[in-house]
Number of protein chains: 2
Amino acid sequence: MLRVVAKGKLKPDVKKEEYLQIARELVIETNKEEGCISYVLHEDIKDPTIVTMIEEWVDEEAINLHNASSHVRTIVPELRKLRESTEINLYREVK
Amino acid sequence: MLRVVAKGKLKPDVKKEEYLQIARELVIETNKEEGCISYVLHEDIKDPTIVTMIEEWVDEEAINLHNASSHVRTIVPELRKLRESTEINLYREVK
């Protein structure tokens with residue numbers, strides 16, 4: 001199992017609800033994917049302009065399929081326009 | 001349920017195994033805590049000097065108890081000495 005943490009910071013003039021409205025569709029579509037274990041949008045408790053997707057995937061192939069999906073290709077660029085920064089890490093567990 | 005992502009970057013001269021040996025004890029002790037749902041150490045697939053704890057907690061009280069525990073108070077400062085940077089975010093899900 002792999003985890004992805006995609007941490008974003010909204011631009012100062014962006015309304016949170018505008019961002020959430022677009023992000024919700026991405027969450028719904030992604031959770032339908034076979035290789036997706038979990039894909040959940042979060043906000044930082046102290047700074048709600050930090051919006052972070054915490055994701056669980058069966059393997060790297062599932063992530064590649066996700067990245068090539070039509071919902072990612074249409075929705076992700078829209079979300080990115082509303083963020084001033086984005087930091088994505090792909091993780092595996094270490095024992 | 002709350003999630004914490006604690007992302008660290010090891011100092012250049014630190015041996016990964018040295019870090020893991022100390023971190024394993026923290027993982028074992030923390031997973032015994034009643035309010036801990038999940039507490040898993042990860043490494044970034046592209047940059048193994050990035051070591052990140054991804055945590056799930058029942059509530060904020062559980063996190064406070066964790067932060068006050070003897071294993072956190074003794075082990076976390078040891079781990080911090082081996083990292084050049086640390087970034088901690090506390091998240092709640094947004095729907």
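Every chain is numbered from 1, with letters handed out A, B, ... down the list of sequences. Below, each value reflects all heavy atoms present in this structure, side chains not excepted, and no hydrogens, waters or symmetry copies.
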* **Heavy-atom proximity to chain A below 4.5 Å, by part of B:Glu56** => side chain

* Asked: Looking at B:Glu43, B:Glu93, B:Lys46, which makes the most heavy-atom pairs under 4.5 Å with chain A?
  -> B:Glu43

* Joint hydrophobic cluster, A:Val4 plus B:Leu41, side-chain heavy atoms closer than 4.5 Å -> no

* When clusters are formed by joining ILVMFWY residues with side-chain heavy atoms under 4.5 Å apart, either directly or through shared neighbours, do A:Trp57 and A:Val94 land in the same one? -> no

* Find out if a path of hydrophobic residues (ILVMFWY) with successive side-chain heavy-atom gaps under 4.5 Å connects B:Leu26 to B:Val14. => yes

* Do A:Asn89 and B:Ile50 come close enough that some side-chain heavy atom pair is under 4.5 Å? -> yes

* Asked: Should we say atom CD of B:Glu34 is surrounded by more than 12 heavy atoms from elsewhere, each under 6.0 Å from it?
  -> no

* Can you get from B:Ile22 to B:Tyr39 by hopping between Ile, Leu, Val, Met, Phe, Trp and Tyr side chains that sit under 4.5 Å apart? -> yes

* Is B:Met53 reachable from B:Ile88 through a run of I, L, V, M, F, W or Y residues, each pair having side-chain heavy atoms under 4.5 Å apart? -> yes

* Asked: Contact part of B:Leu90 toward chain A, heavy-atom cut-off under 4.5 Å: side chain, backbone, both or neither?
  -> both

* Asked: Does one side chain, of B:Arg3 or A:His42, offer a donor that lies under 3.5 Å from an acceptor on the other?
  -> yes

* Would you say the side-chain atoms of A:Arg24 pair up with the backbone N or O of B:Lys95, donor to acceptor, closer than 3.5 Å? -> yes

* Structure fact -> So, the part of A:Leu20 with a heavy atom under 4.5 Å from chain B: the answer is side chain

* Asked: Within a reach of under 6.0 Å around CD of B:Glu18, are more than 12 heavy atoms found that belong to other residues, nucleotides or ligands?
  -> yes

* Asked: Can you find a pair of side-chain heavy atoms, one from A:Ile54 and one from B:Tyr91, that are under 4.5 Å apart?
  -> yes

* Asked: Is any side-chain heavy atom of A:Glu87 closer than 4.5 Å to a side-chain heavy atom of B:Glu87?
  -> yes

